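Taking it in order: structure first as structure tokens, then the write-up.
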Amino acid sequence: GAVVSQHPSWVICKSGTSVKIECRSLDFQATTMFWYRQFPKQSLMLMATSNEGSKATYEQGVEKDKFLINHASLTLSTLTVTSAHPEDSSFYICSARRDRENYGYTFGSGTRLTVV
Amino acid sequence: KNQVEQSPQSLIILEGKNCTLQCNYTVSPFSNLRWYKQDTGRGPVSLTIMTFSENTKSNRRYTATLDADTKQSSLHITASQLSDSASYICVVSPGTYKYIFGTGTRLKVLA
């Protein structure tokens with residue numbers, strides 16, 4: 001159990017366009033999902049906490065108007081990178097948390113975004 | 001300041017050898033500590049999760065230890081295999097929605 005599906009696994013887009021990444025919890029409900037970004041050889045960096053039915057909470061330094069998060073249902077959160085630029089090229093990973101803390105949280109397989 | 005430091009940053013070992021990865025943290029309060037394995041280009045996969053009262057936990061060839069007094073954890077890999085080549089991330093939770101990530105140890109296992 002506790003499978004998180006992330007789509008797409010990779011995407012190449014032109015500078016100035018927008019890209020949407022989906023994160024789905026397949027066999028459990030997730031009131032909270034997290035979005036991370038990882039640059040090469042660096043650790044995961046939390047971008048925002050996505051809360052079902054309410055606004056996302058963004059970490060300091062993350063532009064909420066650029067990284068739009070929508071968590072409209074208990075099994076789906078989306079991250080939209082708006083007006084993407086080459087510096088947004090990165091590995092984006094989502095994770096979802098079950099209600100009970102001891103289950104920890106499960107990560108998606110990640111999305112490699114390349115902006116050209 | 002809540003921090004998680006891992007060492008070494010990178011490690012190269014021969015197949016079949018054992019190795020130990022270290023994680024030191026200053027996170028307070030402490031709820032639990034997790035070790036994740038992340039293959040290149042993939043999401044992290046949980047190896048172990050340990051709470052305050054647990055000293056040792058094993059998952060196949062992976063054995064994690066926790067010393068809550070010294071705020072140290074280690075991940076021991078026994079009889080390494082080529083598929084163990086990955087980044088290993090230590091994550092400490094203070095018990096809220098916050099999770100403090102270590103910078104990871106990149107392990108390379110050579111034939």
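Being a predicted model, the structure only gives us computed values, none of them experimental. Computation of the quantities below employed the complete heavy-atom set of this structure, encompassing side-chain atoms and omitting hydrogens, waters and symmetry-equivalent molecules. Proteins come first, then strands; the chains are lettered A, B, ... in the order of their sequence lines, and each starts at number 1.
- Residues B/Lys71 and B/Thr26 have side chains not in contact (no heavy-atom distance under 4.5 Å, counting atoms from C-beta outward).
- Ring to ring, A/Tyr58 and A/Phe67 are not that close: their centroids are 6.0 angstrom or more apart.
- For the set B/Gly102, B/Gly43, B/Pro44, B/Gly104, the count of heavy-atom pairs under 4.5 angstrom toward chain A peaks at B/Pro44.
- Residues B/Gln38 and A/Gln38 form a side-chain contact, since some pair of their non-hydrogen atoms from C-beta on lies under 4.5 Å apart.
- For chain A, the nearby part of B/Val91 is the side chain; its heavy atoms alone come within less than 4.5 Å.
- Only the side chain of A/Ile93 comes within contact range of chain B, with at least one heavy atom under 4.5 Å from a heavy atom of that chain.
- Side-chain atoms of B/Asn59 come within 3.5 Å of backbone N or O of B/Leu47 as a donor-acceptor pair.
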